[in-house]
Visitor: 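Structure provided below as structure tokens; questions to follow.
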Amino acid sequence: MKRLLFISHEGSITGAPVFLAKLLRYLKTERPDYRIRVLFTKGGGELIQSLSQEGFDVVVSEKRARSGSNLKMVWWRLLHYCFYARMLV
């Protein structure tokens with residue numbers, strides 16, 4: 001089984017996210033052997049709920065703005081990207 005991870009900046013019903021949803025639906029019907037996971041880097045939006053109800057594996061990032069030193073910011077960003085990397089496995 002092949003795995004695909006798609007990343008979108010938000011789940012609103014606007015240009016790029018709507019195109020992504022159409023692509024996901026196409027792949028789901030044409031390539032049922034693919035395991036499709038969708039990561040949204042910003043929570044909220046009708047598209048997130050819609051795709052989840054259609055059976056897609058939807059994950060919403062918990063990334064938050066953090067204040068503090070640059071070192072702290074780099075550390076939190078590294079942890080966040082490790083979260084992304086774990087999704088590929």
Side-chain angles (χ1 to χ4, degrees):
M1 174 179 287
K2 292 185 179 183
R3 299 180 204 168
L4 296 174
L5 172 63
F6 291 90
I7 301 175
S8 180
H9 64 288
E10 65 175 355
S12 65
I13 307 293
T14 57
V18 169
F19 177 80
L20 175 63
K22 288 180 181 182
L23 176 63
L24 293 171
R25 290 174 183 130
Y26 171 79
L27 287 173
K28 186 175 181 180
T29 58
E30 294 297 317
R31 303 289 185 179
D33 56 322
Y34 283 14
R35 180 176 167 216
I36 300 172
R37 182 173 281 178
V38 188
L39 171 68
F40 290 94
T41 60
K42 185 177 177 185
E46 299 171 26
L47 195 57
I48 295 172
Q49 294 172 343
S50 175
L51 291 174
S52 187
Q53 290 172 351
E54 291 177 36
F56 289 98
D57 188 6
V58 176
V59 178
V60 178
S61 172
E62 296 297 323
K63 184 176 179 181
R64 297 183 185 103
R66 300 190 187 273
S67 60
S69 70
N70 285 340
L71 181 61
K72 240 178 151 177
M73 186 173 64
V74 169
W75 172 250
W76 285 113
R77 185 161 291 174
L78 177 65
L79 288 178
H80 187 72
Y81 290 129
C82 286
F83 169 75
Y84 288 151
R86 279 196 330 235
M87 291 179 60
L88 294 172
V89 177

Visitor: Indicate the atoms forming the closest heavy-atom contact of E10 with P17, along with that distance.
Guide: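 Looking at all heavy atoms of both residues, the shortest contact is O-CG, 3.5 Å.
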Visitor: What side-chain donor-acceptor pairs closer than 3.5 Å can you find for residues 18-25, not counting sequence neighbours?
Guide:
from : atom 1 : to  : atom 2 : distance (Å)
R25  : NE     : E54 : OE1    : 3.0
R25  : NE     : E54 : OE2    : 3.2
R25  : NH2    : S50 : OG     : 3.4
R25  : NH2    : E54 : OE2    : 2.8

Visitor: Sequence neighbours excluded, which residues qualify as side-chain hydrogen bond (donor to acceptor under 3.5 Å, both in side chains) partners of T14?
Guide: S12
Visitor: Quick one, D33 and R31 - any side-chain contact, counting heavy atoms below 4.5 Å?
Guide: yes
Visitor: Do R37 and L5 make a side-chain contact, defined as non-hydrogen atoms from C-beta onward lying under 4.5 Å apart?
Guide: yes
Visitor: How long is the gap from CD1 on I36 to CG on L4, to the nearest 0.5 Å?
Guide: 6.0 Å
Visitor: Between D57, V59, V58, V60, which is the residue that forms a side-chain contact (heavy atoms from CB on, under 4.5 Å) with L39?
Guide: V59
Visitor: Please list, chain by chain and in numerical order, all residues satisfying side-chain hydrogen bond (donor to acceptor under 3.5 Å, both in side chains) with S8, sequence neighbours excluded.
Guide: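 Expected list: none.
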Visitor: Atom CZ of F6 and atom CG of L51: how far apart are they, to the nearest 0.5 Å?
Guide: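 Answer for the CZ-CG pair, F6 versus L51, is 11.5 Å.
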